[in-house]
Amino acid sequence: MLSIYNTLTGKKERFESLAPKIVKMYVCGVTVYDYCHIGHARSALVFDVIRRYLEFSGYQVEFVKNFTDVDDKIIKRANEQGVSCETITAKFIDAYDTDMGRLGIKRATREPKATEHMAEIIELVDRLMQKGLAYEVAGDVYFQVDKYQAYGRLSKRNLEDLQAGARVEVDARKRYPMDFALWKSSKPGEPSWESPWGPGRPGWHIECSAMSIKHLGETFDIHGGGMDLIFPHHENEIAQSCGATGKEFARYWIHNGFVQINQEKMSKSLGNFFTIREIFEKSQWPEAETGEMLRYFLLATHYRGPVDFSDQALRETKQALDGFYDLFNRLAEPGQGSAETDVELHYSIGWFEERFKMGMDDDLNTPSALAELQQLKNDVNKLLGQGLSTEARKIAREEFRSLGNILGLFQLDAWRFSERRAMVSQAEFEVPDIDVQLIDAKLVERNEARKQKDFKKADEIRRFLSSHGIVIEDKPDGTSRWKR
RNA sequence: GGCGCCGUACCCAAGUGGUUAAGGGAGCAGUCUGCAAAACUGCGAUGCAGCGGUUCGACCCCGCUCGGCGCCUCCA
């Protein structure tokens, strides 16, 4: 039974879906005017894991993640580059799909775009006008916050506090300083749509209300995004949505913490952010391995806390993952077992699953779940030392694959290992392209030499393979396995 | 000014009002090995920023102090 921290109530709550066995969740995607950074990756990943875990727990998940493709920043970017907004948005939606795909983020069941929901947006604004919660000034429409009683409920602030801390000049046309735009009249050259208030475009928050209501209904289960969206974005969404429908909007509000660099939030002004593609490009590891490293790294910290990104952290993550794939390699080899080890394996797996779920159920404690995975790895390693049958090995590997899948880990059949204590100097190291047949032939040759006690030759061969990035591990039976 | 977060071993990071404070990385010692690698075993916080308080008992609750950070403007 999943418990999850609800920003709305400030407490961990037992999760209960509105409809049995169906979860409807909406997550704020991105405004598509630039490449995504690791912060976006974390957010996408957290909700990807929530979705996977809910599915694992037997729910059908209707998962909507939007693209905001009409916005000031997009217009600005388009003008800077002298291209249309569509050029910009198409480019970065495509980039989003590529980047998130490399991280193994599953596609949402629906990925709506704001520009494709103008009718719904206008209708929603109109409803707010008719209810007297919004007003028009020269083609702009504002939501009047003091007409909505519960304003500030999500972010735990009141209008007075907000006003006192306002750092921005108040638009004189607003009736109340905190009023926010639902509809903006368009200036020449800007994208615009016909509306009862003249040609214009939607304000920032209204598109999420319109799209979530359209695709999930007026009341749904989960709404999520980064912590920075709590105010004003989600606060405003609640005001608009509840104001228009008179019903409860989302029931559980989930927010992930930031990715930081040296204890500070990543931001463009500090210039301390990393884009996802930058990390993949700079990585010395293949794409699949890099993606899994990033996932593991991000999931090794609880989703609500801050996580500090660094090269060192990523290196440590690689070492941790190597341990799993090392085990998987050995599990892929045939072996002899006993009734006792088979039984112990089942016992260990059973215990593990319980602990794993316990962690995940406790507000998605992925660090704890990973620790349990590590524990299982240790158990299986010990059993392997005692002897495990081929069948038992398959079962063990499958366990890692199936539960790992909830975190999007351990799905790979091949894995590039870190270089261990190098047998050769950097200068001797050659491009690690050597074909498998040659490796196997060299291993046979080497083991023949070992049998003859010609260790000089054996070491030469190892040295040769090592220079091609191949690491040899000798098995007790006189044969060897290798890995890159 | 308002709201809020963080401070656990060399590094990362869970966790609990009371048995041995998870796990990973690094390190050291050992087993195994021709040598390695991998794996396994052992070592490693007498303490959970500091000081008070509540309590039979606190790292975990409360208060204060110190240090770091976030939001209140666009932001995952």
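Please read these numbers as outputs of a predicted model, since none were measured by experiment. Sequence lines set the chain letters: A, B, ... in the order given, protein chains first and strands last, and positions in each chain run from 1.
As judged by a 4.0 angstrom heavy-atom cut-off over every strand, A:Lys73 is placed among residues touching the sugar-phosphate backbone only. As judged by a 4.0 angstrom heavy-atom cut-off over every strand, A:Gln263 is placed among residues touching the sugar-phosphate backbone only. Across all strands, A:Gly305 comes closer than 4.0 Å to no nucleic acid atom at all (heavy-atom distances). At a threshold of 4.0 angstrom between heavy atoms, the contacts of A:Phe258 include nucleobase atoms, whether or not backbone atoms are also involved. Looking at heavy-atom distances under 4.0 Å, A:Gly39 makes contact with a base. Residue contacts shown for A:Leu229 are limited to sugar-phosphate atoms, with no base heavy atom under 4.0 Å away. A:Val259 comes within 4.0 angstrom of a base, heavy atoms only. Within 4.0 Å of A:Asn256, counting heavy atoms only, lies at least one base atom of the nucleic acid. Contacts of A:Gly385 with the nucleic acid, taken as non-hydrogen atoms under 4.0 Å apart, are absent.
Side-chain rings of A:Phe274 and A:His37 stay apart, their centers remaining 6.0 Å or farther from each other. Ring pair A:His234/A:His255: centre-to-centre distance below 6.0 Å. Between A:Phe249 and A:Phe220, the distance separating the two ring centers is shorter than 6.0 angstrom.
Here the side chain of A:Arg450 is nearest to one of B:G34, B:A14, B:A76, namely B:G34.
Side-chain contact of A:Asp361 with A:Tyr53: a donor-acceptor pair under 3.5 Å is present, judged by distance alone. With 3.5 Å as the limit, one finds no donor-acceptor pair spanning the side chains of A:Ser3 and A:Asp363. A:Thr115 and A:Asp69 share a side-chain donor-acceptor pair at under 3.5 Å. Counting only N and O atoms by type, the side chains of A:Asn66 and A:Thr68 include a donor and acceptor under 3.5 Å apart.
The residue from A:Phe231, A:Phe143, A:Phe180 that alone fulfils the ring pair (Phe, Tyr, Trp, His ring centres under 6.0 Å) condition with A:His205 is A:Phe180.
For A:Arg446 and A:Asn365, each mapped to the nucleotide of RNA chain B holding its nearest heavy atom, the one lying further toward the 5' end belongs to A:Asn365. The residue among A:Phe231 and A:Thr301 whose nearest nucleotide of RNA chain B is located toward the 5' end is A:Thr301.
Ring geometry for A:Trp415 against A:Phe417 counts as perpendicular: the plane angle is over 60°, on a 0 to 90° scale with 30° as the lower cut.
For A:Arg462 against B:C35, a side-chain N or O and a base N or O form a donor-acceptor pair under 3.5 Å. For A:Arg157 against B:G1, a side-chain-to-base donor-acceptor contact under 3.5 Å is absent.
Distance alone, capped at 3.5 Å, places no donor-acceptor pair between the A:Glu235 side chain and the A:Tyr151 backbone.
As rounded to the nearest Å, B:U19 and B:G24 have C1' atoms that lie 25 Å from one another. For the C1' atom pair drawn from B:C61 and B:G18, the interatomic distance equals 15 Å after rounding to whole Å. Rounded to whole Å, the separation between the P atoms of B:G44 and B:G23 comes to 14 Å. Rounded to whole Å, the P atom of B:A45 lies 11 Å from the corresponding atom of B:A22. Spacing of P atoms, B:C59 relative to B:G47, comes out at 11 Å, to the nearest Å. A distance of about 43 Å separates the C1' atoms of B:C43 and B:A76, rounded to the whole Å. For the P atoms, the distance from B:C12 to B:G7 is 12 Å, rounded to whole Å. Remark: the separation of the C1' atoms in B:C10 and B:G50 is 22 Å, to the nearest Å.
Rounded to an integer number of Å, the gap from CG of A:Leu327 to P of B:A37 is 19 Å. Atom NZ of A:Lys156 is separated from atom C1' of B:G4 by 11 Å (rounded to the nearest Å). When rounded to the nearest whole Å, the span between CG of A:Asp459 and P of B:A37 equals 12 Å. Distance A:His255 NE2 to B:G4 P: 16 Å, rounded to the nearest Å. Here the P atom of nucleotide B:G34 and the NZ atom of A:Lys457 are 19 Å apart, to the nearest Å.
A close approach under 4.0 Å does not occur between any side-chain nitrogen or oxygen of A:Lys265 and OP1 or OP2 of B:A76. OP1 or OP2 of B:C35 has not a single side-chain nitrogen or oxygen of A:Lys456 nearer than 4.0 Å.
The strand RNA chain B forms stems, runs of 3 or more Watson-Crick or G-U wobble pairs with distances below 3.5 Å, at B:1-7 with B:66-72, B:10-12 with B:23-25, B:27-31 with B:39-43, B:49-53 with B:61-65.
In this structure, A:Phe47 and A:Gly224 approach most closely via the heavy-atom pair CZ-CA, 3.6 Å.
Residue-environment remark: CD (A:Gln336) stays at or below the threshold of 12 foreign heavy atoms within 6.0 Å.
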Would you give a per-nucleotide map of nucleotides 22-30 of chain B, 5' to 3', where B means the base has a protein non-hydrogen atom under 4.0 Å away, S means only the sugar-phosphate does, and - means neither?
-> BSBSS----

